[in-house]
Amino acid sequence: MIDLLGITKTYTTGAQSLQVLKGVDLAVETGELVAIMGSSGSGKSTLLNILGLLDGYDEGMYRLDGKNMAQLTERRAAELRREMLGFVFQSFNLIGFKSAAENVALPLYYQKVPRKERLRRSHELLERVGLLEWADHLPSQMSGGQKQRVAIARALAAQPRVILADEPTGALDSTTSEEVMVLLKELNGDGMTMVVVTHEAEIAAECQRTIRLRDGLVETGAHV
Amino acid sequence: MFDRDAWLEVAHNVLAHPLRTTLTGISVALGIFILVVMQGLGYGLQNGVEGQFADDAVNSIWVEGGRTQLAYRGHQPNRPIKLTNADVAGLTTQADTVPASSRRIRLWGAEIVWENPNGENRGGGFGVRGVDPAHIDLERSVLLSGRYINGRDVTESRKVAVVGPNIVRDLFRDVDPLGAFIRINAVVFQVVGTFEDPGSRWENRVAYIPFSTAQQLYRTDGGVDQVLYSTGDMATDATVAQSDRMRSWLKDVKAVHPDDSRGVEVDNNNEEYAMYASIFDGIRLFIWGIGLMTLLAGAVGVANILAIGVKERTKEIGVRKALGATNGSIVSLVVMESTVLMLVSGSLGLMLAVGLLTTVAPLADHEYFQNPQVDHRIALFALVVLVLVGLASGLGPALRAVAIRPVEALRDE
C-alpha cells in the first residue's frame, strides 16, 4: 500500500538548513497495522507529513496504492488526501463549534457529498464507534476518549485506504487508550491499513510491526 | 463558490463566534456610521453657505453709479454718478460675452393700491423695479403664476407688473391677482404674473415692471440705476478681468479718479462666491480627512480582529486541510466570512447613519446649516473600501495559515 524509497527532506530556515530525513526506505502492506516509533527529532512528524501528502519531499520515491506521489500540485494532493487518507490526531482536533455529527461529516463536505447524505453517513459512523446518542453534542461536552472516537469516525468518513494516526492515545489515560486501540484494531481487522505514530512502547506492542526511526533513517522494521 | 453548502458553512462559522463577530461588526458599523454622518453634516454646512448665495445669480456682475470721494479732472468730490442708456451700451462692449443682462430702475417706496370688487382700496408701501426680461434669472426669482416681463413689454413700454408674494398677501389675500389692475403711485398697471424670491425677503416686497416704462415714468433724464450682467460659464479669473475692465472704462467715461473706490460700483459675484467656495473646499477637505481617518482606524481594527481570528483557527485550518480541503477553499472560506461580516455590519452602520440624518435633518434649521444629507456615492465608497479591507485583511492571515504544515499545527507543543 505504501512504498518509500530513499526519501530525503531538508528544511531551510534563513542560512541554516537541516536534513530531517536522510533516505527513508519502508513499506506498509495493505491491511497492516504498523507503528512508527522514534525519539523527538528523529523525523517522525516530517515522515507523517509526507505520508499524509501534507508536505512534499526532496528526493526518493513515494508510492501510495501503487501510484507515484511525485510532483503533486496542491490541488491534486488535497484530492488524494480526501480520497485515500484518514487522519487521527493526538489532541483530537475536532472543530469546537461543530457538533460531533458535523465534525464527522466534514470530509464529506470536501468531497461535495450532498448535505443529507453527509449527515446520514456521519450518523452511521457514529453508531459504528458507539456514539450515536452523542451526535448533536459539541466536543466540549465529551470526554477525551469520546472525542477520539469521534475523530476516528471522522477519519473513516471518506472511506480512506489508509488511516494515519499521530499519537492517537497521547492525550488519554490508560483505560481510554486501551479502548481506542481496541477500536483501531477492530477497524484493522475489517481490512483497513493503519500507520500509528507513537512513542509509547505498549501501543507499539499492540501493532503488528514497529518501524523505528533514528536521526532521519529507518533503524529497524522497514519491511515485513 | 456560490453553492449553498459553502454559504451555510460561512454562516455557521460567523454565527459560531458571536464575540468576534460582534466586535468586528461594531468597528465596521462605527467606521461607516461616522464617515457618512460627517459627510452629511458637511453637506448641511455646504447647503447653508450656498443658501447665502441663493438671492442672486452667482455668475453675475452688478454695476451701478455711486458718489465720488476724490476730486478729478476739475470735478469736486461728493458728486453723484448716474448711468445712462449710452453708458450701458458702452459697458456692454467691454464684456467678453453677454449671455444675459438687465437694466434696473429702483423705486424704494412706492404706493401700490388695489381696489377690490367691493370698492374697498387696499394698499401699502412697496418696492418697484423696472427690469428687462433676463432679470428673472439674474435675481433668481421663481415665477409662481402668469408670466414674467417680456421683450414686447419693454419695447412697447407696457404698463404691466409681476408682483411678489407680500403684495399678493397684503392686497389680494385669497383673490387671484392675475389680470387685476393696480395703481402704482397713481399709475394703473395690470398684474400679469406673480413670483417669489427664495433668497431674499426684500425682493418679495417688490413689483417688477418693464424697464422702459419705469424709465419713462421715474427717470425722465434717461438714467439707469443698475445694470446686471450674467457671465455665463466664464472662468472666475476671466470674469474678474472683465469686471476690472468695466470698472476702469466706466471710471474713465464718468471722470472718476482711478483710486476712487466709491464713484462707481462694479461687484463681481463670481469673485465673492469663489472665496466662499474655497473656504468650503477647505471644510470639505477637513471632513474628508476626519472621515478617512475614522475609516482607516476602523479598517485597522477589523484587520487586527481578523488576523487574530485566523491565528486562533490555525488548528481548524490544519484539520480542514488534512480532511481534504484545498488551500483555495480555505482561503475563500475565510475571505467570504470576512466579506459577509463587513457587508452586513457596514450596511447596518449605513442604515443607522441614514436613519439619523433623515430624522434629524428636518430639525436642523440654521442660517449656515441646512438639509444635511447622505451622499450615496460616499456611502457606497466607504462600503467598498471596507469590503476591500476585509478581503485584504482576511487574505493575508489566511494565506499564512494555509502555508503552515498541518501536522505541526495540530501537534500539542
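Just so we're on the same page: letters track the sequence lines, and every chain starts at 1.
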- request: Return the set of residues passing salt bridge (charged side-chain N to carboxylate O under 4.0 Å, His left out) with A/Arg75 (not counting sequence neighbours), or none when no residue passes.
  value: none
- request: Fit a plane to each ring of A/Trp134 and A/His137, take the angle between them on a 0 to 90° scale, and name the class: parallel (under 30°), tilted (30 to 60°) or perpendicular (over 60°).
  value: tilted
query: What is the minimum heavy-atom distance between A/Ala101 and A/His123, and which atoms define it?
result: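 Nearest heavy atoms, A/Ala101 then A/His123: CB-CE1, 4.1 Å.
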field: Engaged part of A/Glu83 at the chain B interface, taking heavy atoms whose separation is under 4.5 Å
entry: neither
statement: If one checks every heavy atom of A/Arg76 against chain B at 4.5 Å, the contacting part turns out to be neither
- request: Considering only NZ, NE, NH1 and NH2 on the basic side and carboxylate oxygens on the acidic side, decide whether A/Arg121 and A/Glu124 come within less than 4.0 Å.
  value: no
- request: Output the option from B/Gly328, B/Ser329, B/Ala325 having the highest count of non-hydrogen pairs under 4.5 Å with chain A.
  value: B/Ala325
message: At a heavy-atom distance under 4.5 Å, which candidate from A/Arg154, A/Arg115, A/Gln111, A/Glu79 has the highest pair count against chain B?
response: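 Looking at each option in turn, the highest pair count goes to A/Arg154.
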